[in-house]
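Here is the naming used below: chain letters follow the sequence lines, and residue numbers restart at 1 for every chain.
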Number of protein chains: 2
Amino acid sequence: MSEDQALAAEWRELANRYAATSCALERELHDRHGIGMSEFEVVDRLAGARETKLRMQELAEVVHLSQSALSRAVARLERHGLVCRALCEQDRRGVFVALTDAGRQRHAEARPTQRSVLAEILRPASSAVTG
Amino acid sequence: MSEDQALAAEWRELANRYAATSCALERELHDRHGIGMSEFEVVDRLAGARETKLRMQELAEVVHLSQSALSRAVARLERHGLVCRALCEQDRRGVFVALTDAGRQRHAEARPTQRSVLAEILRPASSAVTG
DNA sequence: GCGCATTAGATGCATGCGCACGTAAGTTCG
DNA sequence: CGAACTTACGTGCGCATGCATCTAATGCGC
C-alpha cells in the first residue's frame, strides 16, 4: 500500500471516529440536557478551570470554535442562564465568563451523559476486538 | 488518572486532530480549487469507485453527510458542472451520480492538495517526535 | 494630550448542515 | 387491481459556523 493510500485511510478512520462520536454526543446532549456539543465544551472547560471565571480569549484557545462562534455560544449559554458575563476591570475590552449555579448543575447532569457516550463510542465494549 | 479522564483526554485529542485537519483541508481545497471538503469527498469517492456512477444511497453510506446534505452537495457539484445526475431505469426513484470530464479533471487537480495537507497535518514532519 | 495601530469581543451576511416533511416510485397483502 | 406501507430523494426551515467588518478600549509615538 502506498503512503498516499495509507494517509487517506488514516484520515478516513479519523473522520469516521470523529463523526460517530460528535454525532452521538450532539444528539444525546441535546435530547437529554438541551445543550449542544459546543456549549457543553464551554461549560466543561469552565467547570474544570482553576479559576471560577475565564476570559473569552482563554476559552477560545481551548475550544474548537472560531472567536465569533464562541461569542455566540456564550450568548446562548447566557440566554439559558447557564453562564454569566462580567466586564474585566483591568482591561475593559475583555469579558469574563463564569458558570452560574444553574450552569454548574447542568454540567453535573450532562457530564455523565458525555462520559457514557464517549465510553460507548471510543471503547467499543462488549466485544473481544483488541482494536 | 481515572478512566474518565483518560476518555476525555482521548476525545479531546481526537477532536483536535480532526479540527486541525478538516479546517486545513477545507481552506486549501476552497482557496485553490473552489470546492469544499464535503464536495471533494463526494468527487473522490466517485473517482475511486469501481463503477463510473453511484447511487445517492451508496454515496450516503460512505460520506459523512446526512441524506439531505448529500443531496445538496451533489446539487452544488452539478451546478458547477463537476458531476451529472441520471435517472436509474431499474428503480426510478433512484438517482445515479457520475463524474463529468470537468469533474475528473478537478479531482485530479485537487487530490494532490488533499494529500499534501493530510501529510502535513497527520505526519507532523520536520520534527523528531516519534508520535 | 492627540492621532494611529492593535486587540477584545460583537455582529451582518452568506453558507452548509440536520430535521422534518413532501413527492414519487416501488412493494406487500387482500 | 387497489389501499397501505416503505423507500429514495428533494426541499422548507431553523440553526450554527466562518469570514469580514464594526465598535470600544488599550498602547505607542510624538
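- Looking at residues two or more places apart in sequence or on another chain, you find no salt bridge (Lys or Arg N to Asp or Glu O under 4.0 Å) involving B:Arg92.
- With respect to A:Glu10 and B:Arg17, a salt bridge is recorded, a charged nitrogen being found less than 4.0 Å from a carboxylate O.
- Checked against the 6.0 Å centroid criterion, the rings of B:His33 and B:Phe40 do not qualify as a close aromatic pair.
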Quiz item: Hey, mind stepping through B:Val97 and B:Leu54 against side chain to side chain contact (heavy atoms under 4.5 Å, CB included) and telling me if it holds?
Solution: CA-CA 5 Å; B:Val97 185; B:Leu54 291 178; 5.6 Å; no
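- The pair A:Glu3-B:Arg123 meets the salt-bridge criterion, with a side-chain N (NZ, NE, NH1 or NH2) lying under 4.0 Å from an Asp/Glu carboxylate O.
- Using a 4.0 Å cutoff to heavy atoms of chain A, the contacted part of DNA chain D runs 5' to 3' from D:dA16 to D:dT26.
- Proximity of residues 20-53 of chain B to DNA chain D (heavy atom under 4.0 angstrom from any strand atom) is not detected for any residue.
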Exercise. Kindly determine whether A:Leu25 and A:Leu118 satisfy side chain to side chain contact (heavy atoms under 4.5 Å, CB included), including the steps that lead there.
Key: CA-CA 8 Å; A:Leu25 266 182; A:Leu118 290 185; 4.1 Å; yes
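- The side-chain heavy atoms of B:Arg106 and B:Val43, taken from C-beta on, include no pair separated by under 4.5 Å.
- With respect to B:Glu41 and B:Arg45, a salt bridge is recorded, a charged nitrogen being found less than 4.0 Å from a carboxylate O.
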Under-3.5 Å N/O pairs linking protein and nucleotides 26-28 of chain C:
residue, atom, partner, partner atom, Å
C:dG26, OP1, B:Arg92, N, 3.0

Exercise. Go through B:His64 and A:Asn16 one step at a time and tell me if the side chain to side chain contact (heavy atoms under 4.5 Å, CB included) criterion holds.
Key: CA-CA 8 Å; B:His64 304 112; A:Asn16 277 328; 2.5 Å; yes
Exercise. Begin from the C-alpha positions of B:Asp44 and A:Arg12 and carry the test salt bridge (charged side-chain N to carboxylate O under 4.0 Å, His left out) through to its verdict.
Key: CA-CA 12 Å; B:Asp44 196 44; A:Arg12 280 187 184 163; 3.1 Å; yes
Under 3.5 Å, side-chain donor or acceptor atoms of residues 80-89 of chain A against the rest of the protein: list the pairs with distances, not counting sequence neighbours.
residue, atom, partner, partner atom, Å
A:Arg85, NE, A:Glu78, OE1, 3.1

Detail all sub-3.5 Å separations between protein N/O atoms and N/O atoms belonging to nucleotides 10-12 of chain C.
residue, atom, partner, partner atom, Å
C:dA10, OP1, A:Arg85, NH1, 2.4
C:dA10, OP2, A:Ser71, OG, 2.6
C:dA10, OP2, A:Arg85, NH1, 3.2
C:dA10, N7, A:Gln67, NE2, 2.8
C:dA10, N6, A:Gln67, OE1, 3.0
C:dG12, O6, A:Arg72, NH2, 2.4

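- Taking the six-membered ring wherever Trp is involved, the centroid distance between the rings of A:Tyr18 and B:Trp11 falls below 6.0 Å.
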